[in-house]
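Because only heavy atoms are used, hydrogens play no part in the values below, and waters and symmetry mates are left out as well, while side chains stay in. Residues take their numbers from the sequence shown, with the count starting at 1. Every number for a ligand or one of its atoms is a count from 1 in the order of the listing.
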Amino acid sequence: MTQDELKKAVGWAALQYVEPGTIVGVGTGSTAAHFIDALGTMKNQIEGAVSSSEASTEKLKALGIHVFDLNEIDELSVYVDGADEINPQMQMIKGGGAALTREKIVAAVAKKFICIADASKEVDVLGNFPLPVEVIPMARSYVARELVKLGGLPEYRQNVITDNGNIILDVHNLRILDPIELEKTINALPGVVTVGLFAGRGADVALIGTADGVKTIVK
Ligand SMILES: O=C[C@H](O)[C@H](O)[C@H](O)COP(=O)(O)O
């Protein structure tokens, strides 16, 4: 199976976690796009969705799914989203598509985070994928210097402005043995909006697309 076929398999498998009559938290990226397509088949059974990016909002609306503003609701039963990397502790690197801030916000409101990913995203140790950090533009150089002190090699993601008007630094050369500690450390840097480590709040369930079928991991 191709990588996209594996992503589609997990995107559709996530439907089993969607409760009728609820509002569903929806992520961003190519795997989440398959979930949105699948969710379209349930559009008359759910109240609607809360989106983590303008791109996902457009896709949801095109399928006739009502998109709520997050401020209209106080709880989500489930948030479904992909990952750039996921470790055995269900901690993730996210932000490859520059949506990490709104993803982390919507995930925080959800009772359950369902991560959907093809098998290539599974790692023992996070960090082979460059760690995205969303930064207020004026703080780019300062934050980059601080990330170097942490052992990283930050690279400015050219020609990308996030939905929130910020820039992204992608941090190479990290071998993240303590994701929770590094998440706290980078979050504390003035000018950092969000770090793409979903460690303190990882996934509760992971659906992993493999050649032998969808593997379900429950925390
Ligand atoms: O910013 C984008 C999100 O964090 C995505 O969930 C992540 O990059 C994975 O994307 P994809 O499913 O396209 O590999």
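- In terms of protein heavy-atom proximity, atom 3 (C) of ligand 1 is closest to Glu103 OE2, 2.9 Å.
- Remark: ligand 1 and Gly29 share no N or O pair separated by less than 3.5 Å (distance only, no angle test).
- Of all atoms in ligand 1, listed by their number and element, those nearer than 4.0 Å to a heavy atom of Ala99 are 1 (O).
- Below 4.0 Å from some heavy atom of Ala83 lie the following atoms of ligand 1, by number and element: 6 (O), 9 (C).
- Using a 4.0 Å cut-off to heavy atoms of Gly82, the atoms of ligand 1 that qualify are 6 (O).
- The Lys121 neighbourhood of ligand 1 comprises atoms 11 (P), 14 (O), with distances under 4.0 Å to a heavy atom of that residue.
- Applying the 4.0 Å criterion to heavy atoms of Asp81 picks out, from ligand 1, the atoms 6 (O).
- Look at Gly27 and you'll find every heavy atom at least 4.0 Å from all atoms of ligand 1.
- Residue contact check: Asp84 has heavy atoms under 4.0 Å from atoms 7 (C), 8 (O), 9 (C) of ligand 1.
- A salt bridge links Arg201 with Asp204: the distance from a Lys NZ or Arg NE/NH1/NH2 to an Asp or Glu carboxylate oxygen falls below 4.0 Å.
- Linking ILVMFWY side-chain heavy atoms closer than 4.5 Å, directly or via other members, places Met1 and Phe35 in two distinct hydrophobic clusters.
- Between Lys215 and Glu122 there is a salt bridge, since at least one side-chain N of the basic residue sits less than 4.0 Å from a carboxylate O of the acidic one.
- Ranking protein heavy atoms by distance to atom 5 (C) of ligand 1, first place goes to Thr28 O, 3.1 Å.
- Contact of the Phe198 side chain with the Met90 side chain is not registered, since no non-hydrogen atoms from C-beta on lie closer than 4.5 Å.
- A cation-pi geometry, defined here as NZ or CZ lying under 6.0 Å from the six-membered ring centre and within 45° of its normal, holds between Arg140 and Tyr156.
- Of all protein heavy atoms, the one lying nearest to atom 6 (O) of ligand 1 is Lys94 NZ, 2.8 Å.
- The N/O atoms of Leu100, backbone and side chain alike, include none that comes under 3.5 Å of an N/O atom in ligand 1.
- Within ligand 1, the atoms closer than 4.0 Å to a non-hydrogen atom of Ala98 are 1 (O), numbered from 1 in the order shown.
- At a threshold of 4.0 Å, the pair Glu134-Lys104 does not count as salt-bridged, since none of the basic side-chain nitrogens sits closer than that to a carboxylate oxygen.
- Judged by distance alone, the side chains of Glu47 and His66 never bring a donor and an acceptor atom under 3.5 Å apart.
- Nearest protein heavy-atom contact of atom 11 (P) of ligand 1 is Ser30 OG, 3.4 Å.
- Atom 12 (O) of ligand 1 has its closest protein heavy atom at Thr31 OG1, 2.7 Å.
- Heavy-atom contacts from other residues, nucleotides or ligands closer than 6.0 Å to NZ of Lys61 number 12 or fewer.
- For ligand 1, the polar-atom distance check against Gly97 finds a nitrogen or oxygen pair separated by under 3.5 Å.
- Within a 6.0 Å sphere centred on CG of Asp37, heavy atoms belonging to other residues, nucleotides or ligands number more than 12.
- Judged by distance alone, with hydrogens and angles left aside, the side-chain atoms of Ser56 form a donor-acceptor pair with the main-chain N or O of Gly27 at under 3.5 Å.
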